[in-house]
> 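Please see the structure below; I have some questions.
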Amino acid sequence: MFRFIHSSDLHLGKRFGNFSGDLPVRLREARHAVIARLAGHALQHGAGTVLLAGDTFDTETPAPDVRRQALAEMAHHASVRWVILPGNHDSLQATQLWTTLRAEAPENVVLATEPGPFELTAGVTLLPAPCTTRRPGRDLSAWMDAQATPEGALRIGLAHGAIQSFSEDAAASEVIAPDRARRAGLNYLALGDWHGTMQIDPRTHYSGTPEPDRFKHDRPGEALLVSLAGPSAMPEVTPLATASFSWSTLELHLLDGDDPVRAMEAVLPTGRDRRHCLSRIVASGQSHLEGHARLVQAVESAAPDFAFLELDDTDLAIQCEIADLDLIDRAGALREAANALLVEASEESRPATDRDIARAALARLYFLAQGATA
């Protein structure tokens with residue numbers, strides 16, 4: 001039995017510039033903390049090796065503290081062997097990075113920078129396919145098909161990139177053959193690039209990122225514990241929780257007459273873990289101006305409880321009547337502004353971003369007017 005941890009896409013040093021305050025710092029630190037969690041899982045499950053299938057670093061020029069602190073943390077877990085594969089974000093084209101890593105890497109860190117067989121342990125051979133550039137333009141795993149290994153040895157492939165028609169950011173010309181494991185006689189193909197855990201076939205898996213970094217996948221941060229009982233046995237693959245932050249898209253469909261605030265409260269996560277939740281509420285259906293304004297205010301009121309909380313009301317149809325505008329003002333400058341915003345929010349010919357801004361401004365104007373008359 002050979003056990004190992006399959007992980008990828010740590011993206012150490014990711015800046016998270018789309019967020020403000022101290023959240024980017026917290027998210028970067030969480031990515032670094034993943035190293036210790038992976039080591040803990042390896043020790044707990046008797047897996048002496050962690051395979052990192054690319055994009056360990058977010059850029060080809062990670063800051064010295066990002067690079068050295070990552071290696072120091074790996075060295076701290078000396079009984080675990082770390083195998084680092086160049087991905088498209090930290091490809092071999094970054095010669096200075098990999099030269100520096102070779103000089104600084106501790107004994108328990110292996111840099112899989114050559115497309116050739118590497119013996120992990122007796123009877124287990126690793127076949128890595130390092131990314132040569134950010135856009136290699138070819139299937140870098142193709143060489144595995146013809147590569148001989150000792151008779152009876154387990155063959156484990158390690159690659160980074162798109163497979164079939166999906167990818168985080170790769171081009172179609174770089175698609176890895178979906179049946180590479182079968183063609184190359186691999187017992188397991190460990191893939192990186194896709195940030196959500198996914199099985200392509202029983203022997204081919206994406207581990208996903210251990211610490212999510214976007215709302216795209218709605219998957220928890222995971223790594224995979226892989227157990228290989230022998231050359232003819234199917235791999236046993238077990239997801240392991242690794243994330244400290246959760247990212248979730250919350251669907252909120254409103255019907256005429258629904259209380260939008262009560263409906264929002266029903267979909268929000270509860271408990272003190274809100275501090276580690278990044279949530280996006282996607283509202284659809286329809287609501288009156290008064291209900292929409294209350295929803296916007298309720299989201300703003302709840303946001304400080306969360307790491308991040310936002311409302312996407314692009315697909316929410318706002319029903320507005322003259323009586324609603326009368327609650328803002330019956331005449332004068334405020335009413336003229338409300339009339340103009342209603343037109344901007346309703347015209348389908350306008351860009352969606354302009355309509356969103358007008359919709360939010362109308363809701364804000366409504367609330368300001370209500371507050372002034374309260």
Side-chain angles (χ1 to χ4, degrees), residues 4-16 24-45 47-116 118-121 126 128-134 156 158-160 190 192-193 195 207-211 213 221 223-225 240 242-245:
F4 61 94
I5 301 293
H6 168 200
S7 187
S8 70
D9 297 279
L10 274 63
H11 286 275
L12 298 174
K14 188 177 178 70
R15 300 191 63 82
F16 293 101
V25 176
R26 295 174 62 202
L27 293 173
R28 285 197 296 273
E29 182 57 28
R31 307 200 79 76
H32 175 80
V34 158
I35 298 171
R37 292 195 203 99
L38 292 173
H41 280 309
L43 295 174
Q44 179 183 351
H45 296 285
T49 299
V50 176
L51 300 182
L52 299 179
D55 287 358
T56 298
F57 300 101
D58 189 55
T59 71
E60 296 182 334
T61 56
D65 61 318
V66 171
R67 184 190 71 243
R68 291 177 62 174
Q69 290 173 21
L71 294 177
E73 185 64 32
M74 293 177 188
H76 178 70
H77 304 281
S79 61
V80 176
R81 177 172 45 184
W82 306 82
V83 179
I84 302 178
L85 181 81
N88 63 323
H89 278 251
D90 52 9
S91 74
L92 288 173
Q93 193 169 22
T95 54
Q96 184 59 50
L97 169 62
W98 292 97
T99 298
T100 303
L101 288 174
R102 289 187 190 97
E104 297 179 342
E107 291 184 0
N108 64 325
V109 171
V110 176
L111 305 179
T113 57
E114 297 292 335
F118 172 79
E119 187 177 69
L120 287 175
T121 188
L126 181 69
C131 285
T132 53
T133 66
R134 190 176 180 92
I156 299 173
L158 184 64
H160 184 94
D193 175 62
H195 285 201
S207 65
T209 179
E211 188 70 47
D213 58 2
L224 300 177
L225 171 66
L240 303 171
T242 53
S244 57
F245 283 89

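Values below: all heavy atoms of this structure, side chains included; hydrogens, waters and symmetry mates excluded.
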> Answer yes or no: is there a side-chain heavy-atom contact under 4.5 Å between Asn88 and Asp55?
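A side-chain contact exists here, since the closest heavy-atom pair is under 4.5 Å.
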> Which residue pairs pass the side chain to side chain donor-acceptor pair (under 3.5 Å) test when at least one of the two sits in residues 77-86, sequence neighbours left out?
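Those involving residues 77-86 are Thr49-Arg81, Glu73-His77.
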> State, with a plain yes or no, whether a side-chain heavy atom of Ile156 is found less than 4.5 Å away from one of Leu51.
yes
> Using a 4.5 Å cut-off on heavy atoms from C-beta on, say whether the side chain of Leu240 contacts that of Leu38.
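Sidechains of Leu240 and Leu38: no contact.
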> Answer yes or no: is there a side-chain heavy-atom contact under 4.5 Å between Val83 and Leu120?
yes
> Is the shortest heavy-atom distance from the side chain of Leu27 to the side chain of Asp213 under 4.5 Å?
no
> Using side-chain heavy atoms (C-beta onward) and a distance below 4.5 Å, is Val109 in contact with Pro106?
yes
> Using 30° and 60° as the class limits, which term best fits the ring planes of His195 and His11: parallel, tilted or perpendicular?
tilted
> Is any side-chain heavy atom of His41 closer than 4.5 Å to a side-chain heavy atom of Val50?
no
> Taking side chain as C-beta onward, heavy atoms only, is Leu92 less than 4.5 Å from Thr133?
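SC-SC contact between Leu92 and Thr133 ruled out.
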> Can you tell me how far apart CZ (Arg134) and CD (Glu60) are? Round to the nearest 0.5 Å.
7.0 Å
> Would you please name every residue forming a side chain to side chain contact (heavy atoms under 4.5 Å, CB included) with Ala243, sequence neighbours left out?
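For Ala243 the side chain to side chain contact (heavy atoms under 4.5 Å, CB included) partners, ignoring immediate neighbours, are Glu211, Pro212.
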> Establish, from distance only, whether the side-chain atoms of Arg26 and Ser244 form a donor-acceptor pair under 3.5 Å.
no
> Answer with yes or no whether the side chains of Ser207 and Ser7 bring together a donor and an acceptor at under 3.5 Å.
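No, Ser207 and Ser7 have no side-chain donor paired with an acceptor closer than 3.5 Å.
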> Using distance only, find each side-chain donor-acceptor pair of residues 61-71 under 3.5 Å and give its atom names and separation, not counting sequence neighbours.
unit_1 : atom_1 : unit_2 : atom_2 : d
Arg67  : NE     : Glu104 : OE1    : 2.7
Arg67  : NH2    : Glu104 : OE2    : 3.0

